[in-house]
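For reference, the structure I am asking about is given below.
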Amino acid sequence: MVSAGEMLVLAGLVLAVAATRDPPGKPENVSCVAVQEKTTISRIFRCDWATVGRQTSDVPTKYTLNVVVIHIRNYSVSTEGTHTQVEFVDTYPHFMNLEIWVEAHNMLGKIESEHITQDANSFVKTNPPSDIKVISEKYFPTSPLMNWTQPIDKSYGKLKYEIRFCTIGSPNWTYVPKGDIATDIQSFRLQSLQPYTEYITQVRSQLGHWSDWSGTTMKTAEDRPTSKPDVWRIIAEVDGKNERRVQFISKDPVFANGRIITFDIKIQEQKNDNLQWDTILVNGSESSDGQRVITVLKDMLLADLRPVRLCVTANNSVGTSPMASLFISAKGHEDPPVKGLKVWSAEGKLWLQWTPPNGPDLSEYVVEWVSGDQTDWQRENKNTRLTAIKGNLEGFVRYTVSVYSIYSGRIGKPASKEAYLKEGAPLEGPVVRLNDKPGRNEAELGWVEIPLHRQRGFIVNYTINYTGGGETHEITVPSNTISYTLKSLSSNTKYDTWINASTVRGSAQSSTHSFTTLKYAPGEVESIVVGVCLGFMFVVLMTMLLCLYKKDVIKENLWPRIPNPGESTIGNWSPDYPLKAETPKENCLSGISVLDVDVCDGKSMFEEDKACLPLKKDKYLSEEHSSGIGGSSCMSSPRQSVSDSDEGSDMADTTASTVQYSSVVASNGYKGQTPNPHPQQAVFSRSESTQPLLDSEENPDMMIQESSRQSQHFKQENPAEIHLLEMDQQQQQQEEGVESLDFCPLDEESEQTKSSEGQSAASSYMSQREGYRPQ
Amino acid sequence: MAFDSSRTVAASRNQQCGDSVQKSLKLSRLLQKESVDLIKTYKASQGEMSELFCKVSVNNVPDPNISGLEPSEKIASIYTHLQEFFPHFEWVYKQQTDLQLPTSPLLSDLRRFTAGSRNLAYLIKPFYQSLFPNVPLPEGGPTTLPPPQNVFQQKVYGCVVLKTFKELLSNVSRELRSLKSQVCRRRTHTNTLF
């Protein structure tokens, strides 16, 4: 037993459930169609409708299509979709009234669509007309005749038709007014078409529904040209001459109405010229992209100061066009250009804007665009201020865009700008090279501009990159730069460098160029070498000077003179001084004449002193080279030593290399020899040797005195200096007694005695003040 | 007011009258065209000597002429004559079913043509009843079908039936054209008088 509360709950549940579910929506937009099947209408009758409201899977809606052939039969088909079909028995019910509706029902209810009651033919969709032909007749080039075959026999009903046409490539159709097309026809004459133009023509039929379009393409017949040819010119300066190369070019008239076969031109350079027309044949190819072909009419040289007028007509197979003319002014006499020209790219086109010039008689503008050797142009109305180039422009190509003002056929000065329809990154980078050999800390880079057809945009800057020594640097320079000097480079370092050329759309990198900086700066090595050489030369010079200045010392130390016995001769002389040992006299000592001979003046000295050499005996001239004992390195010429005791004590070696002989003191024994105690006039024969005698041998008397003195000085003074000092002191002594060579045997004895005493205290080799001269 | 409303009703009825006649006329023309095609198909399906079949006279084929003087009589005659042919169509169809392949286009064409002919009759009946509601439309008498026939006779019989019906359709079209002006205008004129 269910209580009241439970009943209420159940009722609430039912209501809740019902609230979430909807009754079926009314089907709308019911449409039905029966299509043609071969020569008759199909018995299949298909209908579609639209559902309204929510469709839920738990409350499905069923649709029933009801088709009543009035007075004959009812058809009904159910579906859960939004379309279905019925099949009429045996035949389509032509000319019978049909009543159609769709019923929607679900568990919550049902609803019917609007009932449609119409003739059965109103639902028929025939095939499109077939066998369409369009015939363009020679004398009616703008009115071709269109024929077709009706899709179904007219006994099924009168068919209506609709016709449309368009030019190939155009998206816009032109529809023939429906009122102009009768029913149940199979031909129609189109009107107002352009001659010599290709069209697409289409037709469709209607019994109930419109059929699909069917059509064909056709080309209308030629007609006489009805517009002027579009004439223009290309002018190029001729180097070195006051002339211009003018090329007249022309496009076919806009309304050529046929294939242009020839152009007739007339060039008028003088006012009253009455020239004949020249006929220019046109190359037959026609442009396939909708752009008119450009024909070169004439090439000519025109003097700068001469104007010219060109008149042109175009001919096709039917007739001749109206005449066009173009006037080229003398150079410098052109009319003013437009002002404030701006060119920019937008929406896939190149746009131009300008301000009109102030000249009178402005008739139109010509917009020209040039790329390489390709020229094209378009004409604009004189009121135009803003336009876009209508030609086919390519991206990444630089165009020179110009606007010319045309004054009653005269061409004014152009206003020009360069522009790209679309910019991109360059295809390649610039070619990098070094302008000169790299230096120690710098290098000059140069680069060749990218070819114009590879730039693909305006170069805005170059970025120089170089890396070396573990560092990378980047420098940006303006686009008008073609060289740059890299500074503060490390010496003897390899650098890799490359350059990026940039446009607003991107950049391209050049190949890497490597170079190595110099270790030394140019001239540095040379300067070092020169410096070293100069220094070396200075050292050498100073050394030479030193050698010259100290030649005696050097000679004494390095080349002591050693007489050559092989070249000595025995000479007899009698000494003319007592044999007793006397104090050293100049005469005695003059047997050892000390002659200061300057090294450098050795030769002259030799010549000067030669005459005064106190030599009585034959002179012995021995030539000694500087390499002889006692020879000086300063000596560059063979030395001649003169040794002759007869002639005096001054046995100066005029070449400054001759070592003085010391007189032999007979009284002194040599090496312990006991000289003759009875000094006599002795005749000695001695070899004329250049070897200096020992002082003990020369001056025995002096030996004792000298030994003590020398012992004092020896320790302190340089022996060479001692010798020089003694020599200086003795020089004066010797000069007095230089004429004769005094030989003092006695003195020698005494000297030997003295010297024997003094020798023990002094060295065995004593300085010979008079007789020894350092070489 | 009564006069005006009667005018409106009369105009509406006139429109319906004209539409009915027009539809009947169109359908009869369609059937005429289809009969021509059907006869061609029939002849092409019968083999040799088929051109001779339609030239032979056969008994028991209904009369194609429309009788009667009054429009009601003519309309009734149209209706009854159409009805008379239907059993013969079925008889011909049955015979051809034995003579033709099941996929023969003649059979489908016969079915379609027969159905169309019936539709014409279905259009005539309400037209008559709308014009003459108090005069019952005769349904026609019993149909006499031919006795069993051999193949040749069947072929001849079928061709004669189709040819005769084609003639009937021509007569029907002619009568309907004249009836349109007679019946629909006359009715209007009659209504305005009242």
Side-chain angles (χ1 to χ4, degrees), chain A residues 32 34-45 67-75 85-100 115-127 149-160 183-184 186 205-208, chain B residues 15-38 40-41 79 82-83 86 89-90 92-93 97 103 105-130 137 166 169-170 172-173 176 180:
Chain A
C32 301
V35 297
Q36 181 176 340
E37 197 174 73
K38 294 184 182 177
T39 59
T40 60
I41 303 301
S42 171
R43 293 182 292 123
I44 306 298
F45 191 75
V67 179
V68 176
V69 184
I70 295 176
H71 304 305
I72 300 177
R73 194 169 297 188
N74 294 351
Y75 298 87
Q85 61 191 33
V86 299
E87 186 171 358
F88 295 117
V89 175
D90 297 328
T91 187
Y92 187 80
H94 291 284
F95 308 110
M96 309 298 289
N97 281 342
L98 302 180
E99 184 180 0
I100 304 161
H115 285 227
I116 300 171
T117 303
Q118 290 180 2
D119 189 306
N121 273 11
S122 65
F123 303 103
V124 170
K125 180 180 178 182
T126 63
N127 292 336
T149 301
Q150 61 190 26
I152 201 167
D153 190 85
K154 59 184 179 181
S155 60
Y156 288 89
K158 286 187 177 179
L159 291 168
K160 292 182 182 177
T183 58
D184 200 27
Q186 294 189 76
S205 60
Q206 182 196 38
L207 191 60
Chain B
Q15 182 66 34
Q16 290 175 1
C17 174
D19 289 345
S20 296
V21 173
Q22 192 66 26
K23 284 178 184 294
S24 301
L25 187 57
K26 288 180 181 178
L27 184 55
S28 70
R29 288 174 180 163
L30 174 59
L31 291 170
Q32 272 187 281
K33 181 263 181 187
E34 287 188 351
S35 69
V36 171
D37 296 335
L38 181 60
K40 289 179 185 176
T41 305
Y79 179 77
L82 287 172
Q83 293 280 25
F86 295 150
F89 284 149
E90 289 173 7
V92 169
Y93 179 80
T97 302
T103 56
L106 176 62
L107 299 178
S108 60
D109 289 349
L110 275 172
R111 285 200 301 273
R112 185 175 65 250
F113 183 76
T114 303
S117 302
R118 288 186 188 277
N119 290 341
L120 180 58
Y122 295 147
L123 283 177
I124 296 296
K125 184 175 181 181
F127 172 58
Y128 177 87
Q129 289 173 345
S130 67
L137 187 64
K166 174 175 166 289
L169 288 173
S170 175
V172 167
S173 296
L176 286 175
K180 182 180 178 182

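Chain naming here is simple, since letters A, B, ... match the order of the sequence lines and numbering starts at 1 in each. FYI, side chains are in, hydrogens and waters are out, and symmetry mates aren't considered; it's all heavy atoms of this structure.
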Notebook entry, point to check: For the atom pair CD1 (A:Ile70) and OH (B:Tyr122), what is the distance rounded to the nearest 0.5 Å?
Noted result: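 These two atoms lie 15.0 Å from each other.
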Check: Can you tell me how far CE of A:Met96 sits from CG of B:Leu120, rounded to the nearest 0.5 angstrom?
Finding: 9.0 Å
Margin query: Measuring from atom CG of B:Asn119 to atom CZ of A:Arg73, what distance do you get when rounded to the nearest 0.5 angstrom?
Written below: 9.0 Å
Next item on the list: Please look at B:Glu34 and chain A and tell me whether the side chain, the backbone, both or neither of the residue comes under 4.5 angstrom of a heavy atom of that chain.
Entry: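 Side chain only.
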Notebook entry, point to check: Taking the side chain as C-beta and beyond, is there a heavy-atom pair between B:Thr114 and A:Asp90 under 4.5 Å?
Noted result: no
Item checked: Gap between atom CG of A:Asp119 and atom CD of B:Gln22 - 0.5 Å precision -> 10.5 Å
Notebook entry, point to check: Side chain, backbone, both or neither: which part of A:Asn121 has a heavy atom under 4.5 Å from chain B?
Noted result: neither
Checklist line | B:Leu123 vs A:His71 side-chain heavy atoms within contact, under 4.5 Å | finding: no
Checklist line | Beyond-backbone contact of B:Arg112 with A:Thr40, side-chain heavy atoms, under 4.5 angstrom | finding: yes
Item checked: Interatomic distance, B:Leu30 atom CG to A:Lys154 atom NZ [nearest 0.5 angstrom] ->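 Atom-to-atom, B:Leu30:CG and A:Lys154:NZ are 13.5 Å apart.
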Note to self: Surrounding NZ of B:Lys26 (heavy atoms of other residues, nucleotides or ligands, distance under 6.0 Å), is the total greater than 12?
What the structure shows: no
Margin query: Atom NZ of residue position A:Lys160 - does it have more than 12 heavy atoms of other residues, nucleotides or ligands inside 6.0 Å?
Written below: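 Not buried by this count: 12 neighbours or fewer within 6.0 Å.
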Checklist line | Heavy-atom pair of closest approach, residues B:Lys23 and A:Phe95 | finding: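 Shortest heavy-atom contact: CD-O, 3.3 Å.
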Margin query: Measuring from atom CG of A:Asp153 to atom CZ of B:Arg29, what distance do you get when rounded to the nearest 0.5 angstrom?
Written below: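 So the gap between those two atoms works out to 12.0 Å.
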